Amino acid sequence: MLRCTACGREYSLRKPYQRCECGEPLELELFEGFAGIGKSVWERFIQFFPFELDLDLSLGEGDTPLIRARKLSKKLGIQLYLKNETVNPTWSFKDRGTFLGIHRVLQLGFDKVGTVSTGNMAASVAAYASRAGVKAYILVSSNIAEEKLKQIAVYGAEVIKVRGDYGKLYYESLKLGQKLGIYFINSDDPFRIEGYKSISFEIVEEMMPDYVIVPTSSGGLIRGIIKGFLELKKSELIDRLPTFVCVQAEGCSPIYKAFIEEKEKIERFENPHTIAHAIENPYPPSGNAVLRLLKKLNGICVAVSDEEILNAQRMLAQEGIFVQPASATGIAAVKKLREEGRIKGDERVVSILTGAGLKTLHQLGRFEVREFEMEKLEECLLKS
Ligand SMILES: *Cc1c(COP(=O)(O)O)cnc(C)c1O
Ligand SMILES: [Zn+2]
């Protein structure tokens with residue numbers, strides 16, 4: 001059964017329902033179980049997923065490293081752990097949700113899948129569709145950069161540029177998908193959320209955090225992570241919940257704005273502009289659902305500037321991890337919360353590093369590199 005996150009109305013699993021008539025996102029029940037053994041998180045937590053998972057559809061997503069950040073921990077006076085999602089098959093956490101989403105496509109008997117994205121989700125859906133042998137339709141905005149197109153097209157997906165209000169495309173695609181038999185695994189699809197839960201399962205296999213920091217755009221990721229922790233608690237595998245921190249970029253922060261104004265509904269964020277393009281959704285489809293969760297669970301919402309984001313990106317690189325700007329927002333938020341004293345000393349903080357830096361190379365500033373004749377190399381090495 002699918003249930004509305006706002007009004008509670010129920011929908012059958014036999015049809016491709018994705019949103020409630022009231023406009024809010026649907027989700028599956030809270031699953032319960034115990035942690036078993038197995039090579040992958042899908043096997044160890046098999047009881048928590050809505051159907052039997054076919055590992056032939058997997059590209060090895062999940063089971064990512066949780067890295068203790070020694071230098072940053074010392075600098076910030078906390079115990080900081082980095083959940084490195086950049087090592088997923090298409091270099092972002094989206095693969096976890098796409099893996100579950102593709103199962104849903106096949107379960108419904110569809111042979112076509114789609115998504116609305118110009119970045120990480122597009123590449124992920126294109127890759128998993130190829131793997132599963134279903135046709136993929138990727139809807140992108142007409143001003144997409146050539147570089148991004150290549151990353152999607154290489155998997156053989158049908159890429160379609162759409163002119164018009166890109167924000168409306170999310171809803172338009174769901175409507176057309178229902179009509180034409182294309183399952184659109186968009187950002188906060190109920191089954192995508194089921195895949196994201198696996199991040200929480202992997203974290204508690206290693207440690208119990210006081211805070212989990214989540215870069216947030218549509219709200220799908222943070223909803224998935226929270227659902228994972230709720231299921232672990234319900235199953236008595238943990239006895240308390242961490243504090244969930246929703247992070248947005250200042251230049252596009254509709255959830256943050258509604259949160260500090262104590263509103264129940266988000267409003268469209270006008271003229272969004274941030275370097276963190278992967279989290280630049282001016283009207284997040286799960287925005288209201290995230291507000292409800294933060295309120296209920298005493299969560300925190302933070303916004304960080306482009307300058308703070310770039311600074312955090314460099315800090316992470318000094319720890320040996322290269323992330324894209326959207327993923328550095330988490331560390332920028334931790335720094336801010338720590339400076340404001342909202343995170344106390346020595347607390348255990350996990351920041352989700354959502355996607356890889358190689359995807360956004362063009363956003364890095366210039367680096368000065370010295371050049372020498374080979375005869376002068378010794379002299380040069382001695383001096384540096
Ligand atoms: C998609 C994405 C996010 C945000 O996830 P939502 O589910 O849309 O909230 C954060 N960082 C990166 C790199 C992403 O690709
Ligand atoms: Zn509803």
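Bear in mind the structure is a predicted one, so any value in this text is a computation, not a measurement. In listed order, ligands and their atoms are each counted from 1.
When only non-hydrogen protein atoms are considered, atom 1 (C) of ligand 1 lies nearest to Lys94 NZ, 1.4 Å. In this structure, the protein non-hydrogen atom closest to atom 7 (O) of ligand 1 is Leu221 N, 2.8 Å. Protein heavy atom closest to atom 12 (C) of ligand 1, with residue, atom name and distance, is Thr354 OG1, 3.3 Å. In this structure, the protein non-hydrogen atom closest to atom 5 (O) of ligand 1 is Phe93 CZ, 3.5 Å.
Between Glu24 and Arg292 there is a salt bridge, with a side-chain nitrogen of the basic residue lying less than 4.0 Å from a carboxylate oxygen of the acidic one. Look at Asp210 and Arg240 and you find a salt bridge, because one of the NZ, NE, NH1 or NH2 atoms lies within 4.0 Å of a carboxylate O, short of that distance.
Phe191 and His103 have their aromatic ring centers separated by at least 6.0 angstrom. Between Tyr196 and Phe93, the distance separating the two ring centers is shorter than 6.0 angstrom. Aromatic ring centres of Phe31 and Phe49 lie farther apart than the 6.0 Å criterion allows. You'll find the ring centres of Phe244 and Phe229 inside the 6.0 Å limit.
Close approach of ligand 1 to Gly220 is summarised as follows: ligand atoms under 4.0 Å from at least one heavy atom of the residue are 6 (P), 7 (O), 9 (O). Less than 4.0 angstrom separates some heavy atom of Ile279 from each of these atoms of ligand 1: 3 (C), 4 (C), 10 (C), 11 (N). Atoms of ligand 1 lying under 4.0 Å from any heavy atom of Pro215, numbered from 1 in the order shown and given with element: 4 (C), 10 (C). Atoms of ligand 1 found under 4.0 Å from any heavy atom of Gln324, numbered from 1 in the order shown, are 13 (C). Atoms of ligand 1 lying under 4.0 Å from any heavy atom of Ser218, numbered from 1 in the order shown and given with element: 6 (P), 7 (O), 8 (O), 9 (O).
Below 30°, between 30° and 60°, or above 60°: for Tyr183 and Phe110 the angle between ring planes is above 60°, a perpendicular geometry.
Heavy atoms of Met121 found under 4.0 angstrom from ligand 1: none, in either backbone or side chain.
Distances between N or O atoms of Gly219 and those of ligand 1 include at least one value under 3.5 Å. The distance criterion of under 3.5 Å between nitrogen or oxygen atoms is met by Ser217 with respect to ligand 1. Any N or O atom pair closer than 3.5 Å counts here, and Ala326 shares no such pair with ligand 1.
No hydrogens or angles considered: nothing links the side chains of Glu250 and Tyr256 as a donor-acceptor pair under 3.5 Å. Side-chain contact annotation: Ser40 with Asp63, donor-acceptor N/O pair under 3.5 Å absent.
Under a hydrophobic clustering in which Ile, Leu, Val, Met, Phe, Trp and Tyr are joined whenever their side-chain heavy atoms come within less than 4.5 Å, directly or via other members, Val87 and Ile67 fall into different clusters.
Ligand 1 has Ser327 within reach: a non-hydrogen atom of the residue lies less than 4.0 Å from it. Taking a 4.0 Å cut-off on heavy atoms, Ser92 fails to register as neighbouring ligand 1.
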